[in-house]
Undergrad: 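The structure is given below, and queries will be raised subsequently.
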Number of protein chains: 2
Amino acid sequence: MNYSVSEENYIKSIYHLQQQTATVTTNSLANELKTKPASVTDMLKKLQTKQLVEYEKYRGFKLNANGNKIAINIVRRHRLWEFFLVNKLGFEWDKVHEIAEELEHVSSIELIKRLDIFLNFPQTDPHGDPIPDTNGKIAFIKQLSLAEITVKKNVLVSSVSNQSPEMLEMLKHYHIGIGTSLKVTRHFTFDGSVEIKVSQYPSCIISEQVAKNIFVHHD
Amino acid sequence: MNYSVSEENYIKSIYHLQQQTATVTTNSLANELKTKPASVTDMLKKLQTKQLVEYEKYRGFKLNANGNKIAINIVRRHRLWEFFLVNKLGFEWDKVHEIAEELEHVSSIELIKRLDIFLNFPQTDPHGDPIPDTNGKIAFIKQLSLAEITVKKNVLVSSVSNQSPEMLEMLKHYHIGIGTSLKVTRHFTFDGSVEIKVSQYPSCIISEQVAKNIFVHHD
DNA sequence: ATTAAAATTTAGACAAATCTAAAAAAATAT
DNA sequence: ATATTTTTTTAGATTTGTCTAAATTTTAAT
């Protein structure tokens, strides 16, 4: 079956919100989609009759197995396109989200199959998030935030959970990107802020709020 | 300004029909878009208020300078994507039209700029049609159909004007594609049919109707 | 346990794009 | 030149996705 752009956006947003909370609320989804709660209720009834969500009035909702499969496929398309935009077209990693948001709705299955081959089966997108495979399997990547990391070990930045333009702007300022190698040199217990050292650049201090959003793995 | 997918499809279809007849009729456009004449009238009023067409009730219509510019830009996007699909993703040239039909509506200007660079500024799409440049300039390619060509000269197929799946199917059967080298070996004046010889393959005869749709240039 | 506040849903309206059926205009055929 | 056919437009309905405002349900507060 084929879904409209609007339906796909709802499915994708429910999926993303579910990563944080098992059940999604009308307000949070309206907020995520920059729409009104009433519109969310309308669309949810539709997705319910199409057997994509479990939905109980006033009780919140979540994707069922079917809806989940579709969501993961949209995520797959989105992340493959992001990889293409950065690694083939030379976009900066903080400029590709919007464009991938449009490209992900192009429906050809053959297109994505061939794109995957052309890109040589990438495992993660430019933000470090895993790209689901054809069967919807998502490689698990152990996620440790900078706030949790042991001091003085060299680590590689693997992903960033908050991808707002403001956050990405700031990361650029600190010279932090996916794959950046850095070292945590100090923890300040007073406010949870962290001193880090990115190779070649002087040490700098980032707030706990930021540190919590930067995930790394040991190299 | 930004246009809806539907608006863009109307603009593009008017553009294509204008290549054949200066003024387009409601019926022909409805037929091209597989919609109903009443819908065409509705949309035309809209395009008129948006200053994209010259339109007089019952009199037919055509794109104005503004509309033309937008149409050419859509054509540019379409043909760049077709080139990408064939030359990067390895699609067959007769399978890409539908997909490009979706990709062409992705609106980022930066995307198309970078795609053009990535593809190394291709001049023609996989069907041999010229790709308009950033300024909307379209390289003129002298078009001679197989029906007009002098016998016994070697020629290269440069484009095919009828791109219906049926036509493309048949061309594949005859081993004719863009860039194919062939020789016209005989003209039959009785019905206008033409005998051709594609290198390595036995001679074959194509009808005048087909010959008129295959354009070539001397090598 | 009521009451107040917040969240959610319903009811009814609207814009975009389409359709059918009927009316109007243009083209054609006698 | 008039009648017939074809083409085009209008009028009104429909679908999708959205909205506002009001009603309902749930949650939180006293």
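What you see below is based on every heavy atom in this structure, not just the backbone, and it leaves out hydrogens, waters and symmetry mates. Order of the sequence lines sets the chain letters (A, B, ...), proteins ahead of strands, with each chain counted from 1.
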Undergrad: Can you run down the side-chain hydrogen bond (donor to acceptor under 3.5 Å, both in side chains) pairs that involve residues 120-130 of chain A, sequence neighbours left out, and say none if there aren't any?
TA: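 The answer is Glu82(A)-His127(A), Asp129(A)-Gln163(A).
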Undergrad: Does the protein touch nucleotides 3-10 of chain D at the base, only the backbone, or not at all? Give it as B, S and - per nucleotide, heavy atoms under 4.0 Å.
TA: ----SBBB
Undergrad: So, are Lys12(A) and Glu104(A) salt-bridged, with charged N and O less than 4.0 Å apart?
TA: yes
Undergrad: Starting at CG of Leu80(B), measure out to CD1 of Ile131(B) and round the result to the nearest 0.5 Å.
TA: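 It comes to 4.5 Å.
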Undergrad: Output yes when at least one side-chain N/O atom of Ser4(A) is less than 4.0 Å from OP1 or OP2 of dT16(D), else no.
TA: no
Undergrad: Using whole Å, report how far CG of Asn31(A) lies from P of dA7(C).
TA: 11 Å
Undergrad: Does the plane of the ring in Phe118(A) sit parallel, tilted or perpendicular to the ring in Phe118(B)? Use 30° and 60° as the thresholds.
TA: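 Perpendicular, since the angle between the ring planes exceeds 60°.
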Undergrad: Within the structure, does a side-chain N or O atom of Ser6(A) lie under 4.0 Å from either OP1 or OP2 of dT18(D)?
TA: yes
Undergrad: Can you give the donor-acceptor pairs under 3.5 Å from side chains of residues 63-75 of chain A to other protein atoms, not counting sequence neighbours?
TA:
| unit_1 | atom_1 | unit_2 | atom_2 | d |
| --- | --- | --- | --- | --- |
| Asn64(A) | OD1 | Asn66(A) | N | 3.1 |
| Asn64(A) | OD1 | Gly67(A) | N | 2.8 |
| Asn64(A) | ND2 | Gln51(A) | O | 3.0 |
| Asn66(A) | ND2 | Gln51(A) | O | 3.4 |
| Asn73(A) | OD1 | Arg77(A) | NH1 | 3.2 |

Undergrad: Gln48(A) CD to dT9(C) C1': how many Å, rounded?
TA: 13 Å
Undergrad: Could you check how far CG of Asn2(B) sits from C1' of dA16(C), rounded to whole Å?
TA: 16 Å
Undergrad: Starting from P on dA16(C), measure out to CD on Glu8(B) and report it in whole angstrom.
TA: 16 Å
Undergrad: Quick one: is dT18(C) close enough that its OP1 or OP2 comes under 4.0 Å of any side-chain N or O from Thr35(B)?
TA: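 No, because none of the side-chain N or O atoms of Thr35(B) sits under 4.0 Å from OP1 or OP2 of dT18(C).
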Undergrad: Rounded to whole angstroms, how far apart are NZ on Lys36(B) and P on dA21(C)?
TA: 11 Å
Undergrad: Quick check: are there more than 12 heavy atoms from other residues, nucleotides or ligands sitting under 6.0 Å from NZ of Lys88(B)?
TA: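 Yes, NZ of Lys88(B) has more than 12 neighbouring heavy atoms, counting only those of other groups under 6.0 Å.
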Undergrad: Is the phosphate of dT18(D), meaning OP1 or OP2, less than 4.0 Å from a side-chain N or O of Tyr10(A)?
TA: yes
Undergrad: Over how many whole Å does the gap from Leu29(A) atom CG to dT8(C) atom P extend?
TA: 10 Å
